[in-house]
Colleague: 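Could you have a look at this structure, given as structure tokens, before my questions?
So you know, we letter chains A, B, ... as the sequences are listed, proteins then strands, and number each from 1.
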Amino acid sequence: MTNREVAEILAGVGARLQILDANRFRIIAFQNAAESIRNLAQDINQVDVAGKLLEIPGVGKGIADAIHELLSHGHYTEFDALYDQVPEGVVQMMAVPDMGPKKAKRLWEELGIDSVEALQAAAAAGSLRDLKGFGAKSEEKILKGIELLAKRSDTRTSIGVARPLAEAIVARLQEVVPAGTIERIEIAGSLRRWKETIGDVDILCVSHDPATVMEAFRTLPQVADVAGSGETKTSVILGNGLQVDLRVVERKHWGAALQYFTGSKEHNVEMRELALKQGWSLNEYGLTATGSGGAPEGEQRFFEEEADLYAFLGLAWVPPELRENRGEIQAARKDALPALITVADIRGELHGHTTWSDGTASVQEMGEAARTRGYAYWNVSDHSVGLGVVQGVDGERLRRQRAEIDAYNRWCQEQGYAFRLLQGSEVEILADGTLGLPDEVLATLDVVVASIHSAQRQDRETITARCLKAVYNPHVDILGHPTGRLIGSRPPTEIDVERVLQACAETRTAVEINASPERLDLNDVYARRAVELGCQIAINCDAHSVEGLVVLPYGVHMARRGWLTAASVLNTYPIDEMLALLKDGSGGAGAQ
DNA sequence: GCCGTTTTCGGCCCGACTGTTTTCAGTCG
């Protein structure tokens, strides 16, 4: 059973307990444990075998025993009973907007509705309005909700789609309202935390005239529907189904509001509990004294800046990317937060393509694009031959490519530019673990990236062994997009990430954070684990065009979510230091 | 059911918006 499967079962238990109206703290306990296991870098089976289930945050004696049973026997009697008691269809009904456990339960018990389809039919037939608490409006809302659900196969949107949309909305809002109406505006929520997928977009702003801002927001050309609109908060649905919330606050509330709307929910719960211990109740406006601390009950504190709120509670300001309740509050308390890597720290890249394989720009064009972005180096790493649809490089073509790269580098030198192209390859890790280029060819290259693009559905043992074989090759410097996932369209391969990372640490093979927003591979959790195990990281755009270089921030922010500092990332070092950090320490044949 | 810088027992975050409610419960983030 995988981490995801265990997490799903626990979440299913939580959902069923909700419908059965169980103790709400018990429900939260299952939800927390599920979330915690979903975010676990290590394989739950290995954690169980090591007897360390209790070390997982949110897992106590009861849930640990249940997990152990699940892993040993494939099921757990107590959970089976709950699953028998509440049908899956009723749980799925809760995915419909505005349909929570209370409503789902009543519809199920009083009308026998036990699936989304049955719910849709009943709402369409107008048979819900007879139920106390439901009316014609409720039916309408349910039908609309189900329609929305069907339109969006995945309920979360990739950051690569959402971020440009959100930035366009913010820019447009500032254009259409009279100058000075918007004093401050910022994207908050999971987008500010740079989560790989987001549920909805949250925008926060300060204005003396909220009504004007709300009106402008509701009438944006991208808006397909207004889901709700009050004095300080409006929710709209865009044409692609994405929900965007706008909240307007007073200037003096900005600090607390931005903190509140950035989340995560789990981080905020910790923050509010911490505030309570100090005698303050925290909400999106600020702090109110409870009377149990030093200040008299009802006394209020407001914060124009987020950092002031954190400081008042005795915490260092926590970068948004860390706000997932993964130890950041304890670290902020001890002033021990990491100095996170920034986009400006990146001095070059080690993985990208040209027209020698499936890129759209020439060696010179990519070199110029990288150089004018301020890079000091860029590794030409075209696919090796034999990769189906893609034209690739072999020993002969690499020799010809080397001449082109040398000519470009000589030109840079003549111009006095401190920039150099390196020559490498993204060599295919073939199905049996051998590489797409022979060792004697790899030995001539500066930086070798090895990746998997084929036979990705091999079983765990096979694909792990295949990957390890590549990692132990002395010429492989970097493992490219290690899990092969494409967010929203292809699940990760079955590889045993823990074992592969251990091997990478042992052999000094760097692991990639591929910055392309559909990959973001490694993700935050694995990247953090990789550094814990002693791995070096490389952050690369894997650009196939000049424009492909713009995705770098997605990779850097994913690294930040993984608590990474510049020191762990190879391509933050000057070229000579970077080459010296590679596996063989010489930088290959091309290094001077 | 989990957890501990007042606790191994007694806590466990907080407010906006909606619909159908004549005072509030349910949902959401």
Colleague: On DNA chain B, check which nucleotide each of A:Pro97 and A:Arg26 is closest to and give me the residue with the more 5' one.
Modeller: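 Per heavy-atom nearest nucleotide, the more 5' residue is A:Arg26.
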Colleague: Given the C1' atoms of B:dG1 and B:dT5, what is the spacing between them in whole Å?
Modeller: 24 Å
Colleague: Would you call A:Glu110 and A:Lys103 a salt bridge, using N to O less than 4.0 angstrom?
Modeller: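 A:Lys103 and A:Glu110: not salt-bridged.
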Colleague: When the C1' atoms of B:dT27 and B:dT21 are considered, how many whole Å apart are they?
Modeller: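 Approximately 16 Å lies between the C1' atom of B:dT27 and that of B:dT21.
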Colleague: Give the intermediate values and the outcome of side chain to side chain contact (heavy atoms under 4.5 Å, CB included) for residues A:Gln222 and A:Val244.
Modeller: CA-CA 11 Å; A:Gln222 298 97 318; A:Val244 185; over 6 Å; no
Colleague: Which of these, A:Arg561, A:Lys265, A:Lys195, sits in a side chain to side chain donor-acceptor pair (under 3.5 Å) with A:Glu324?
Modeller: A:Arg561
Colleague: Please confirm whether the ring centroid of A:Phe303 lies under 6.0 Å from the ring centroid of A:Phe312.
Modeller: yes
Colleague: How would you list, by chain and number, every residue that makes a salt bridge (charged side-chain N to carboxylate O under 4.0 Å, His left out) with A:Asp496, sequence neighbours excluded?
Modeller: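 Testing A:Asp496 for salt bridge (charged side-chain N to carboxylate O under 4.0 Å, His left out), a comparison that skips the adjacent residues, returns A:Arg460.
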Colleague: Which part of the nucleic acid does A:Arg247 contact within heavy-atom distance under 4.0 Å: base, sugar-phosphate only, or nothing?
Modeller: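 A:Arg247: backbone/sugar contact only, no base atoms under 4.0 Å.
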Colleague: Under 4.0 angstrom, heavy atoms only, what part of the nucleic acid is A:Lys141 near: base, sugar-phosphate, or nothing?
Modeller: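 Counting heavy atoms under 4.0 Å across all strands, the contact made by A:Lys141 is with sugar-phosphate only.
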Colleague: Could you identify the nucleotide paired to B:dC28, looking across every strand shown and requiring Watson-Crick or G-U wobble geometry with both distances under 3.5 Å?
Modeller: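 WC or wobble partner is B:dG15.
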Colleague: Using residues 163-172 of chain A as the side-chain source, report each donor-acceptor pair under 3.5 Å to any protein atom, sequence neighbours left out, with the distance given to one decimal.
Modeller:
residue: A:Arg163; atom: NH1; partner: A:Glu167; partner atom: OE2; Å: 3.1
residue: A:Arg163; atom: NH2; partner: A:Leu191; partner atom: O; Å: 2.8

Colleague: Under 4.0 angstrom, heavy atoms only, what part of the nucleic acid is A:Val96 near: base, sugar-phosphate, or nothing?
Modeller: sugar-phosphate
Colleague: Roughly how many Å apart are B:dT18 and B:dT23, using the C1' atom of each and rounding to a whole number?
Modeller: 15 Å
Colleague: Taking the nucleotide of DNA chain B with the closest heavy atom to each, which residue, A:Gly60 or A:Arg272, is nearer the 5' end?
Modeller: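 Result of the comparison: A:Gly60.
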Colleague: Between B:dC28 and B:dT20, how many Å separate the two P atoms, rounded to a whole number?
Modeller: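 My reading of the P atoms in B:dC28 and B:dT20 gives 16 Å.
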Colleague: What contact category does A:Ile28 fall into here, base, sugar-phosphate, or nothing, at under 4.0 angstrom with non-hydrogen atoms?
Modeller: nothing
Colleague: Using the heavy-atom set of chain A and a strict 4.0 Å cut-off, write down the first and last nucleotide of DNA chain B that makes it in, 5' to 3'.
Modeller: B:dG1 to B:dG29
Colleague: What's A:Tyr260 touching, base or sugar-phosphate or nothing? Going by heavy atoms closer than 4.0 Å.
Modeller: base
Colleague: Can you tell me, in whole Å, how much space there is between the C1' of B:dC2 and that of B:dT8?
Modeller: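 Straight-line distance between the two C1' atoms is 12 Å.
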Colleague: Just to verify, which of A:Val318, A:Leu315, A:Ile329 counts as forming a side chain to side chain contact (heavy atoms under 4.5 Å, CB included) with A:Leu337?
Modeller: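 When side chain to side chain contact (heavy atoms under 4.5 Å, CB included) is applied between A:Leu337 and each of A:Val318, A:Leu315, A:Ile329, only A:Val318 qualifies.
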Colleague: Quick one: label A:Met271 by what it contacts on the DNA or RNA (base, sugar-phosphate, nothing), any heavy atom closer than 4.0 Å.
Modeller: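 Nothing, no nucleic acid heavy atom in range.
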Colleague: Please classify the nucleic acid contact of A:Ser235 as base, sugar-phosphate, or nothing, using heavy-atom distances under 4.0 Å.
Modeller: nothing
Colleague: Which residue in the set A:Arg560, A:Arg326, A:Arg193, A:Arg529 passes salt bridge (charged side-chain N to carboxylate O under 4.0 Å, His left out) when paired with A:Asp524?
Modeller: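 Only one option passes, and that is A:Arg326.
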Colleague: Under 4.0 Å between any heavy atoms, over every strand shown, what does A:Ala188 touch: base, sugar-phosphate, or nothing? Just pick one.
Modeller: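 If one applies the 4.0 Å heavy-atom cut-off, A:Ala188 turns out to touch nothing in the nucleic acid.
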Colleague: Between B:dA16 and B:dC12, how far apart are the C1' atoms? Round to whole Å, please.
Modeller: 23 Å
Colleague: Which value, in whole Å, describes the distance between the P atoms of nucleotides B:dC13 and B:dC17?
Modeller: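 One P to the other, the span is 23 Å.
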